[in-house]
Structures are given as C-alpha cells and as structure tokens.
Amino acid sequence: MAAAAGGKAAMERHQSIDAQLRLLAPGKVSEDDKLVEYDALLVDRFLDILQDLHGPHLREFVQECYELSAEYENDRDEARLDELGRKLTSLPPGDSIVVSSSFSHMLNLANLAEEVQIAHRRRIKLKRGDFADEASAPTESDIEETLKRLVTQLGKSRDEVFDALKNQTVDLVFTAHPTQSVRRSLLQKHGRIRNCLRQLYAKDITADDKQELDEALQREIQAAFRTDEIRRTPPTPQDEMRAGMSYFHETIWKGVPKFLRRIDTALKNIGINERLPYNAPLIQFSSWMGGDRDGNPRVTPEVTRDVCLLARMMAANLYFSQIEDLMFELSMWRCSDELRVRADELHRSSRKAAKHYIEFWKQIPPNEPYRVILGGVRDKLYYTRERTRHLLTTGVSEIPEEATFTNVEEFLEPLEMCYRSLCACGDKPIADGSLLDFLRQVSTFGLALVKLDIRQESDRHTDVLDAITTHLGIGSYAEWSEEKRQDWLLSELRGKRPLFGSDLPQTEEIADVLGTFHVLAELPADCFGAYIISMATAPSDVLAVELLQRECHIKQPLRVVPLFEKLADLEAAPAAVARLFSIDWYMNRINGKQEVMIGYSDSGKDAGRLSAAWQMYKAQEELVKVAKHYGVKLTMFHGRGGTVGRGGGPSHLAILSQPPDTIHGSLRVTVQGEVIEHSFGEEHLCFRTLQRFTAATLEHGMHPPISPKPEWRALMDEMAVVATNEYRSIVFKEPRFVEYFRSATPETEYGRMNIGSRPSKRKPSGGIESLRAIPWIFAWTQTRFHLPVWLGFGAAFKHIMQKDIRNIHILKEMYNEWPFFRVTLDLLEMVFAKGDPGIAALYDKLLVTDDLQSFGEQLRNNFEETKQLLLQVAGHKDVLEGDPYLRQRLRLRESYITTLNVCQAYTLKRIRDPSFEVKPQPALSKEFVDDNHPAELVQLNAASEYAPGLEDTLILTMKGIAAGMQNTG
C-alpha cells in the first residue's frame with residue numbers, strides 16, 4: 001500500500017510535466033510509454049530519502065526549485081531564472097552542496113528511467129515486429145532484420161551475405177576514459193537501480209517481490225546519494241585502464257559469444273545452415289588506455305608496460321576461471337585417434353611434472369581424454385597468469401616462458417583438436433556448445449585481451465631524429481625539406497647500420513619517445529595494434545616511425561597509421577598518402593594494407609562542424625581512389641568523440657552516412673567517455689552495440705548509400721567555404737572572443753573535475769588553438785549554447801538561399817535523399833533541442849563584462865537565426881517534430897538541468913567576484929542544524945582557495961549538467 005501511495009503522490013507531483021510531454025507530441029507517444037512513470041517513481045523515492053536524511057524543509061526547497069525551472073521551461077520568462085538564482089544564493093554552504101547533489105542525482109535517475117524505457121519500448125516493438133514508425137530500427141540493432149532485408153528486398157544471394165559477414169571486421173577502440181564524469185562506484189549502483197526498476201514493472205511480479213524490490217530500490221538510491229560524486233584526485237592512466245577493462249570483465253567477455261550465437265541463429269533463419277567460423281574477425285577490440293601519449297606526460301613507457309601486462313594477466317585469469325567449466329562439461333570418452341594419443345602422452349608426463357595440480361591429475365581417469373587435454377591448457381594458463389603477475393609486480397619471474405602460452409595459435413591448437421575430435425565422433429552439437437564459445441573468445445581476445453594502440457605527436461618523432469642527425473654531424477633534420485627528409489629516411493631504412501648508440505644525448509622528452517619503442521620491443525608483439533601519428537602531414541612522418549621501430553629492434557613492427565585532423569591536413573591527406581604509396585620500400589613493407597585515421601574533434605574545432613564533416617567525407621572518397629589506384633586495401637579509422645561537436649551521434653546512422661566504398665567490410669572507430677558506459681555498461685547494451693556496428697557495416701558494404709549529385713557537391717563546397725570563414729572569423733579572428741569564451745563558460749574551472757589524467761591543453765600557455773577538443777566542447781555544453789556545433793551553418797544556409805531562391809529546393813532534396821546531409825542536419829537539430837540561449841544569456845549577465853554583452857547577444861541572435869534556417873531546410877515547424885520520443889526524453893531532463901545551470905552561473909559569479917553580496921539564510925537541512933557545523937561535505941575540499949562549499953557546489957553542477965546533456969565533451 002505504501003508503495004502504491006508513493007507512486008500516486010509521485011505521479012501527482014509530475015502531473016504538470018506529464019501533461020506538457022503529452023502536448024509536445026499528441027497522438028505520437030504510445031500508450032505503453034512509461035518514461036514519465038519511471039522517472040516519477042525514482043524521483044519520489046529519492047525525495048523521501050532526502051527528507052529522511054535532511055528534513056522536510058530541504059525537500060520542499062528542492063521541489064520549489066524544480067517548479068520554478070519547469071515554469072521557465074514553459075514560458076521562457078527570464079525573471080524565473082532571477083528568482084531561482086536568489087533562492088539558490090541564499091543557501092549556506094552545506095545546503096548548497098546537498099541541493100546541487102540532489103539535482104545531479106535526479107538527472108542520473110532520469111537517465112536510468114530513460115534507459116529502462118528505451119529497452120522496454122524496444123522489446124515491445126520487436127515482439128510486435130512493428131518498425132513502421134522507425135525505419136532505421138532493424139539496422140539500428142537487429143542483425144536478423146538486416147540479413148533478411150539484404151536477401152529478400154535487396155536481392156543479395158545468401159552466399160554473398162555469408163561471405164561478406166564472415167570476412168568483415170569491426171574494431172572498437174576504447175580510448176582513455178577521462179570524459180566519463182560519473183565515478184565507477186556510482187555506475188555500479190546505477191546499474192542495480194536500473195535492474196530494480198526493470199523488475200518492478202515485470203508482468204509476473206508478486207506483491208512480496210514488489211515490496212522487496214521497492215526496498216532494494218530505495219536502498220540503492222540512498223547508497224548512490226551518500227557516495228561522494230567528486231573525484232578528489234585525478235585518475236592515473238592505470239586507473240583509466242582498469243576502469244575501461246572492467247567492461248570486459250562484466251559484459252563484453254560473455255557478450256561476444258552470446259552475440260556470435262545470435263549471428264548463427266540469424267543465418268539459420270535466412271536459410272544458411274552453417275555457423276560463422278569461430279575465427280571470423282567479425283568483432284575486435286583495441287585500446288588507447290595507457291598508450292595514448294599525445295600531450296599526456298603521465299603516459300610514460302613504464303605505464304605502457306604496466307597496462308599491457310595487466311591486460312594479459314586479466315585475460316589469463318578470465319580463461320583460467322572458465323576452463324574448469326569446460327572441463328566439467330567435456331566428460332565424454334569417445335575421441336579421435338589424434339586426441340587419444342595426445343591425451344595419453346600428456347597424462348603420463350603431467351602426472352610426473354605437475355607441481356600445482358598433482359591431485360587434479362590423479363583424479364582424471366585415462367578414459368576422459370578431453371579433460372586431460374584441457375588440463376594441460378589449464379596448467380599453461382596458470383603459469384601464463386603467474387608469470388605475467390610476477391613481471392607486473394617485480395619485473396622478473398622464475399617461471400620459464402616455455403611453460404606459458406606465448407602466442408594465440410599455441411593456445412588454440414589443443415582446443416581446435418578437441419573440436420575436430422567431437423565432430424568426428426558424432427558429437428558436433430556438443431562441440432558447438434561451450435567449446436565453440438571458448439574458441440570464439442580466444443580468437444577475439446587472444447592472450448592480450450585488447451591490443452594497445454600507441455599514439456604520439458609527429459613533432460616528438462621529429463625531435464628524436466633531429467637529435468640523431470645533429471649528433472651524427474649531418475645537419476638538423478627539423479630544418480630539412482620534406483624531400484630531403486624522405487631521401488635520408490629511405491637510405492637508412494634500406495641500409496643496415498645502426499644510427500645511434502648509448503652516447504646519444506637525450507632530453508627527457510627524447511628518452512620518453514625512445515623508451516616507448518624499447519617497451520614495444522620488450523613485450524610480446526600481440527600486445528599491440530597500431531602506432532598512430534597525431535598531426536601527421538607528410539610521408540616522412542610515417543617513415544620516421546618505421547625507422548625508429550627498426551632502430552629499437554622491434555621484431556614485428558606495428559602498423560603505422562597517420563592521423564589527419566585539421567582541415568588543411570584533411571585536404572592534403574590524399575596527396576600525402578599517394579606519395580607514400582609511390583615509395584617502393586613502403587609498398588613492400590605494408591603488404592597491400594594501409595590504415596588511415598581521420599580526426600573529428602580537432603577538425604571540428606579548427607573549422608566548425610559543417611566544414612569538417614564535408615571535408616572528411618571528401619577526404620575519404622579521395623583516399624579510397626588513391627588506395628584503389630595502388631592496389632591497397634584501405635581501412636578508415638574514425639576518431640569520433642561522444643558529442644556531435646566531436647563527431648558523435650548514433651553509430652548506425654554514422655556508418656550508413658559514410659561515402660560509398662569507404663568501409664567495404666573493414667571499420668575501426670573510437671569509443672570514448674560516457675559512450676563506453678552507454679554502449680557496454682550492461683549485457684543488453686553490449687549486445688545491442690555489437691549488433692548495431694555489425695549490421696550497419698554489413699549493410700553499408702552490400703548496399704552502399706548514394707553518391708551526391710554534382711549540384712549537391714557544388715552547393716556543399718560553397719557552403720563549406722562560407723561556414724569556415726564565419727566560424728574562423730569569430731573563433732580565431734574576433735579579438736573579443738577568447739575573453740568572452742573564458743568569461744561566459746566554466747572553461748577555466750574544467751580541470752577541477754579530475755575526470756582525466758590528461759591535461760586540458762597541449763601547451764599550457766596556448767590559446768583556443770592549443771585547447772583540447774574535449775574541454776572546448778565541454779565548456780559550451782555546460783551553458784547549453786553548443787557554439788562549436790552550429791556556428792557557421794547559419795551563414796552557409798543564408799548565403800546559398802540569398803544567392804538563388806531555387807537553392808532551397810536543392811537543399812531540401814539533399815536532406816530527403818542524401819544520408820550524409822540528412823544525418824548532419826538531424827544531429828544539428830538535436831543539438832538545438834538541447835540548447836537554450838536564455839540560459840546562455842544568464843551566464844553572460846552574471847559573468848561577462850559590459851563591453852562584451854553586445855557580442856554575446858550577437859551570438860545568441862546567430863543561434864536563433866541558424867535554428868530557423870535549419871528548420872526551413874528540414875521542412876520542420878519545430879525541432880524534433882519527427883522524433884517525439886527523443887523530444888520527450890529531452891524535455892523531461894530540462895527542468896533538472898535548468899536549476900543546475902542557474903546554480904552554476906551564480907556559483908561562478910561568487911568564485912570570480914568575491915565582492916558579490918549574498919545573505920545566506922539559516923540552514924535548511926536538519927543534519928546540519930542538529931550538528932551545528934558546516935556539513936562534512938564542505939570539509940572535503942577544505943584546501944580549496946574558494947569560499948567554503950563553492951568548489952564542491954561548482955563541480956556537482958558540472959557533473960549534473962553533463963549527466964543531463966548525457967556527455968561532457
């Protein structure tokens with residue numbers, strides 16, 4: 001009864017927002033939509049907890065703030081923001097922290113309600129087979145629907161589909177985890193809240209189950225609220241790696257074989273009675289955690305060594321813990337002669353030699369040959385794990401390398417023999433059970449769990465080579481022309497003499513670069529994937545890395561991947577790659593395969609989203625032409641971030657909007673920040689993510705999107721020039737911009753969040769150009785202005801429409817027929833739905849000097865004009881009118897975010913202007929009143945140079961807004 005009453009009270013409190021949501025999309029949000037109900041339940045439980053902990057006055061205050069925010073969202077009256085600001089600044093430090101934490105927590109709960117609703121809606125649609133209102137749904141997350149569509153609607157043969165699928169590769173690259181603003185301990189609690197909510201609404205739940213689940217839900221919500229949200233120290237690269245690797249342990253390890261089984265089922269359902277080969281390279285995983293040293297002095301050679309060994313130890317441990325289950329299952333005695341002979345030999349030798357498993361070997365009867373074979377595998381896994389652990393902790397191990405697995409082929413061989421034997425003896429159904437799953441795990445994860453990419457700036461390699469040539473007395477490499485650099489590099493690569501010895505003078509930076517190469521030479525080759533060169537511009541950048549690999553005695557050199565980031569580099573990339581392919585030595589080195597990375601983040605920061613997106617599209621087209629001309633298979637590596645400003649957005653749409661022939665069954669893409677949690681935080685999310693990438697990659701290869709018409713290209717070229725000029729004239733040439741940016745956003749306070757090991761700037765003394773893309777996007781996201789995403793679009797649209805009125809019809813045609821253009825504009829429309837110039841105006845009013853007020857107003861007018869022009873092109877009357885579900889989800893979060901925005905703006909004012917007068921009222925929280933001292937929370941940052949409570953309040957608002965925007969940058 002209590003739960004029912006609580007639910008009714010919650011619904012009454014949320015009645016106004018519920019009505020608003022229904023009005024947003026009348027007749028479109030289905031009756032089975034439970035988002036508002038889910039959110040109402042979670043927030044009601046939280047408010048009860050807040051009242052128990054801090055008293056009714058604080059609960060009432062939080063509800064009043066919410067109501068003021070909701071009123072502002074309805075009427076956009078800025079007086080509501082002023083009133084809200086006065087209320088929030090009246091709080092003493094302890095209360096201010098609790099209120100900020102409360103709204104941050106409610107936004108996290110809203111996100112959990114949203115995730116449960118998305119899964120609920122998806123299950124209903126799959127059960128009904130109803131995708132009428134969601135054309136992209138099968139591609140989005142259902143591999144079987146994609147296979148059926150390719151065969152029945154697009155005329156592909158079953159053999160064509162099977163061949164394409166078993167030969168395609170999607171490599172998901174986990175980058176360092178700094179942009180995940182939520183602590184790992186909280187993410188785990190959020191997962192339990194999500195599970196409780198899901199089970200509470202199950203159809204077959206009993207009254208007792210419901211009561212127990214409701215108690216568990218309240219317990220988890222309180223545990224999350226009582227956990228400090230703030231990281232008090234920056235994470236180390238090893239911390240980031242452990243956080244990233246935890247996803248493998250919790251979801252990916254079991255998710256991969258489960259997903260591959262679904263592929264088998266989907267193939268069977270379209271008439272292919274053959275399983276996907278266990279060693280098909282369908283899904284692969286790589287990592288930058290502990291390998292990305294681009295501007296991060298904390299990623300040292302020692303860190304790289306540690307994370308590689310840690311990953312190998314984790315892999316061996318996962319295999320070791322699973323091998324016993326497999327041994328228990330394979331108890332049959334019939335086997336092939338090949339396996340019988342091996343088992344007899346192994347059983348005799350192992351009974352004599354085994355140190356750790358002598359009792360185990362005594363227990364295996366000779367007529368259980370599979371267990372004997374797998375026992376040998378288990379032994380080697382034990383020694384593999386222990387040797388790696390010793391190397392990680394002490395740097396040495398007495399366990400000889402011969403006692404361990406040194407390569408994945410050695411690991412697979414006994415497993416393959418067991419599989420062949422079972423099939424030969426008529427036990428193929430058994431072979432296709434856990435043993436097949438295990439084979440697929442070994443094939444996917446290998447001995448290293450993930451392959452570590454190394455990333456370094458091209459200038460760092462130049463510095464090393466300059467030190468070498470100077471030491472040799474042949475001049476300064478840094479001052480040579482590109483032609484001279486290439487000639488010298490090739491002459492050395494073709495020769496055999498060592499370039500330098502221990503007498504080479506080394507700065508700390510040079511020693512760091514060379515130390516990294518020495519680690520690559522020391523560790524097993526299967527630890528590593530690609531060597532990525534940031535800010536690559538010329539063939540010499542690639543040849544330099546090849547030479548350094550040889551000089552440092554790397555037996556199996558890493559493939560070298562140039563990363564083209566800024567607009568000019570993207571434009572020059574096809575010519576640079578063509579020059580590289582014209583070098584005979586290099587063509588012999590790469591064996592017909594090349595990988596090229598394109599950077600979404602820095603290109604967007606350099607030229608704006610429209611120009612960057614179009615230039616990356618054209619660069620990919622030209623790179624593919626170059627590769628075809630030279631007979632090279634090209635793999636594009638997409639360096640996407642989590643936000644639209646850094647190339648983010650729905651993965652299936654991003655893939656399907658790429659130029660034709662640029663994926664062709666081979667794709668690498670980064671997975672960053674919150675995207676890792678959203679994609680792999682739970683088993684069902686992992687499963688859906690793998691389906692999305694696999695299905696979209698397959699469809700793009702077998703049914704490529706259309707190429708743009710010549711008139712579309714001409715229009716895009718012209719628009720890109722106008723957009724770039726507009727963007728750069730404001731961001732880089734407008735003398736007032738830098739001061740305005742740093743005043744109107746929390747950019748200078750970003751580092752206090754401690755969400756990453758990497759500094760926010762490549763060069764501490766630099767300006768906007770040296771600022772990393774993440775804090776650049778983060779700052780504008782916090783104020784809900786999103787300037788880097790939309791700036792330039794409006795000028796481009798306006799120019800084209802004013803030039804010729806008929807161009808509006810061409811733009812509409814492009815939107816309706818060209819996936820690239822439609823996705824670009826749809827993502828921009830979503831950003832406008834998240835934006836609010838009224839909130840940005842509040843930051844200006846409080847934080848920006850009088851002489852910059854007009855500049856801010858000019859930018860906000862630009863925002864509104866751009867939005868109207870976008871709607872005109874898309875043929876929409878209002879933003880997201882074609883996606884009522886997304887519109888509903890965004891609207892639900894707005895009132896929570898607005899309170900945090902107002903709190904943040906006033907907190908920044910108090911931090912930056914100590915003379916700003918506030919008159920705190922008596923404490924509202926009974927906890928603080930009873931204790932008669934500021935909250936312990938305030939004391940956590942006692943070392944802050946700010947007034948008590950301000951730093952924690954500010955950080956909590958940053959985290960809450962990031963949760964509401966569902967990204968940090």
Side-chain angles (χ1 to χ4, degrees), residues 2-21 35-75 77 79-92 94-113 193 217-218 221-222 224-226 839 891-904 906-907 920-929 935 937 953 956-957 960-961 963-964:
K8 182 178 179 183
M11 289 303 296
E12 288 174 356
R13 276 194 293 275
H14 277 67
Q15 197 168 31
S16 61
I17 186 81
D18 187 10
Q20 294 162 20
L21 294 171
L35 176 59
V36 175
E37 187 177 348
Y38 290 156
D39 183 63
L41 175 66
L42 292 178
V43 170
D44 180 63
R45 294 295 179 269
F46 169 70
L47 291 174
D48 287 344
I49 290 165
L50 185 68
Q51 180 168 317
D52 289 342
L53 294 174
H54 296 283
H57 298 302
L58 201 90
R59 174 179 180 151
E60 289 170 11
F61 186 91
V62 167
Q63 288 177 301
E64 289 169 7
C65 289
Y66 175 84
E67 288 164 9
L68 271 174
S69 294
E71 289 169 5
Y72 166 76
E73 297 300 336
N74 282 331
D75 58 25
D77 184 352
R80 314 271 189 205
L81 300 181
D82 294 335
E83 184 180 352
L84 185 56
R86 287 192 293 272
K87 285 182 68 69
L88 291 167
T89 52
S90 71
L91 293 171
D95 285 348
S96 179
I97 291 172
V98 175
V99 170
S100 301
S101 181
S102 296
F103 277 91
S104 177
H105 194 57
M106 286 190 287
L107 273 164
N108 283 317
L109 294 177
N111 287 339
L112 298 177
I193 293 169
L217 181 68
Q218 294 179 62
I221 291 174
Q222 182 163 342
F225 182 56
R226 298 293 260 187
I839 294 294
R891 186 64 187 268
L892 184 67
R893 299 197 296 262
E894 280 181 345
S895 297
Y896 303 121
I897 302 172
T898 293
T899 298
L900 288 171
N901 276 130
V902 173
C903 186
Q904 183 180 97
Y906 277 89
T907 302
Q921 301 299 314
L924 296 171
S925 169
K926 71 175 185 180
E927 182 176 1
F928 303 155
V929 172
L937 286 166
T953 299
L956 288 166
T957 64
I961 294 167

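Numbers here are sequence positions counted from 1.
Here the straight-line distance linking atom CG of D75 with atom CZ of R80 works out to 4.5 Å at 0.5 Å rounding. The structure places CG of L892 at 13.5 Å from OH of Y38, a figure rounded to the nearest 0.5 Å. Here the straight-line distance linking atom CD of E64 with atom CZ of R59 works out to 12.5 Å at 0.5 Å rounding. In this structure, E83 CD and L88 CG are separated by 10.5 Å, a value rounded to the nearest 0.5 Å. Atoms CD1 and OG, on I897 and S104 in that order, are 11.0 Å from each other to the nearest 0.5 Å. Residue Q218 holds its CD atom at 9.0 Å from CG of D44, rounded to the nearest 0.5 Å.
A donor-acceptor distance shorter than 3.5 angstrom exists from the side chain of S90 to the backbone of K87, with no hydrogens or angles considered. A donor-acceptor contact shorter than 3.5 Å is absent between the side chain of D95 and the backbone of L58. A donor-acceptor distance shorter than 3.5 angstrom exists from the side chain of T89 to the backbone of G85, with no hydrogens or angles considered. Of the possible polar contacts, one joining the R893 side chain to the G964 backbone as a donor-acceptor pair under 3.5 Å is found.
By the 30° and 60° cut-offs, the orientation of the rings of F225 relative to H54 is perpendicular.
Counting heavy atoms from C-beta on, the side chains of L217 and L42 come closer than 4.5 Å. Contact check for L91 versus F61: side-chain heavy atoms found under the 4.5 Å cut-off. Y896 is listed as a side-chain neighbour of D39, based on a closest heavy-atom distance under 4.5 Å. For the pair V98 and V62, the minimum side-chain heavy-atom distance is 4.5 Å or more. Contact annotation: the side chain of H105 approaches that of I221 to within less than 4.5 Å [non-hydrogen atoms, C-beta and beyond]. Looking only at side-chain heavy atoms (C-beta outward), F103 and C903 stay at 4.5 Å or farther from each other. Taking 4.5 Å as the limit, some side-chain heavy atom of Y906 sits within range of a side-chain heavy atom of V902. Annotation: side chain of L53 is in contact with side chain of R226 (closest heavy-atom distance under 4.5 Å).
No side-chain donor from either of T907 and T953 sits under 3.5 Å from a side-chain acceptor of the other.
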Query raised in the report: For N74 and E71, what are the C-alpha separation, side-chain angles and deciding distance, and is it a side chain to side chain contact (heavy atoms under 4.5 Å, CB included)?
Result: CA-CA 5 Å; N74 282 331; E71 289 169 5; 5.6 Å; no
Report task. Report the C-alpha separation of L81 and I839 in whole Å, then their side-chain angles, then the decisive distance to 0.1 Å, and conclude whether the side chain to side chain contact (heavy atoms under 4.5 Å, CB included) test is met. Result -> CA-CA 8 Å; L81 300 181; I839 294 294; 4.1 Å; yes
Report task. Start with the C-alpha distance between L109 and F46, add both sets of side-chain angles, then the distance that settles side chain to side chain contact (heavy atoms under 4.5 Å, CB included), and finish with yes or no. Result -> CA-CA 9 Å; L109 294 177; F46 169 70; 3.8 Å; yes
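Annotation: side chain to side chain contact (heavy atoms under 4.5 Å, CB included) contacts of E894 (sequence neighbours excluded): E73, R76, R784, R891.
In terms of heavy atoms, S69 sits closest to L84 at OG-CD2, 3.4 Å. Annotation for N108 and A963: closest pair OD1-CB, 3.5 Å, computed over non-hydrogen atoms. The nearest pair of heavy atoms linking A224 to I193 is CB-CD1, 4.4 Å.
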